[in-house]
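Working notes, beginning with the structure itself.
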Amino acid sequence: QVQVAESGGDLVETGGSLRLECVASGRIFKVTDMSWYRQAPGKQRELVATISNAGQINYASFVKDRFTISRDNAKRTVYLEMASLKPDDTAIYYCNVEAISLSSVLADRPRPIEYWGQGTQVTVAS
């Protein structure tokens, strides 16, 4: 019913930049929070950044002004601009979208549910 698809992952050199994109589609009534997470090999998935539909933003401490999250509500798209990339940034980056589906509204039980994408690989070469 709701699909989430990321793109933009690639292999880059240390100090390089990438722009990730995530699009939510399907039978959506409303998108609320949109977030980026990442999971490095052998590590737990961790939050990178979140942006609400009102534009409130929170970043993980390790971002340290290197990453910028933004969104286009009309396109149901969230972006993650990453600069000054380090080998420690190597991970699969996942998009998480909190959305209220049309079916839940039609069933008179509107509630936000989190949906995940399949992830996009970011590799930073040292």
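Both backbone and side-chain heavy atoms feed into the values below; hydrogens, waters and symmetry mates do not.
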* Asked: Taking Val78 as the fixed residue, which of Ile69, Val4, Val97 is the one that meets the side-chain contact (heavy atoms from CB on, under 4.5 Å) rule?
  -> Ile69
* Donor-acceptor pair, side chain of Thr14 and main chain of Lys86, under 3.5 angstrom -> no
* Asked: In terms of hydrophobic clusters joined by side-chain contacts under 4.5 Å, are Val48 and Val124 together?
  -> yes
Scan the side chains in residues 110-119 for donor-acceptor partners under 3.5 Å anywhere in the protein, sequence neighbours excluded, and list what turns up.
unit_1	atom_1	unit_2	atom_2	d
Glu114	OE1	Asn96	ND2	3.1

* Could you name each residue pair satisfying salt bridge (Lys or Arg N to Asp or Glu O under 4.0 Å) that touches residues 39-58, not counting sequence neighbours? => Arg38-Glu46
* According to the salt bridge (Lys or Arg N to Asp or Glu O under 4.0 Å) rule, which pairs have a member within residues 2-16, sequence neighbours left out? -> none
* Asked: How close do Ala60 and Leu47 get, heavy atom to heavy atom, and via which atoms?
  -> CB-O, 3.2 Å
* Asked: Roughly how far apart are Ser7 OG and Tyr93 OH, rounded to 0.5 Å?
  -> 15.0 Å
* So do the side chains of Thr50 and Tyr37 get within less than 4.5 Å of each other, counting heavy atoms only? -> no
* State, to 0.1 Å, how close Ser84 and Ser17 come at their nearest heavy-atom pair, and which atoms those are. => N-OG, 4.5 Å
For residues 19-33, dump all side-chain donor-acceptor pairs below 3.5 Å to protein atoms at least two apart in sequence or in another chain.
unit_1	atom_1	unit_2	atom_2	d
Arg19	NE	Glu81	OE2	3.0
Thr32	OG1	Glu98	O	3.0
Thr32	OG1	Glu98	OE1	2.7

* **Inter- and intrachain pairs under disulfide (SG to SG under 2.5 Å), touching residues 97-126, at least two apart** => none
* Which pairs count as side-chain hydrogen bond (donor to acceptor under 3.5 Å, both in side chains) when at least one residue sits in residues 67-80, sequence neighbours excluded? -> Arg71-Asn73
* Decide side-chain contact (heavy atoms from CB on, under 4.5 Å) for Arg66 and Asp89; before the verdict, give the C-alpha distance in whole Å, the side-chain angles of both, and the deciding distance to 0.1 Å. => CA-CA 11 Å; Arg66 299 183 299 125; Asp89 295 316; 2.7 Å; yes
* To do: Report the distance from atom CD1 of Ile51 to atom CE of Met34, rounding to the nearest 0.5 Å.
  => 9.0 Å
* To do: Apply the side-chain contact (heavy atoms from CB on, under 4.5 Å) test between Val122 and each candidate in Leu18, Leu80, Thr90; give the one that qualifies.
  => Leu18
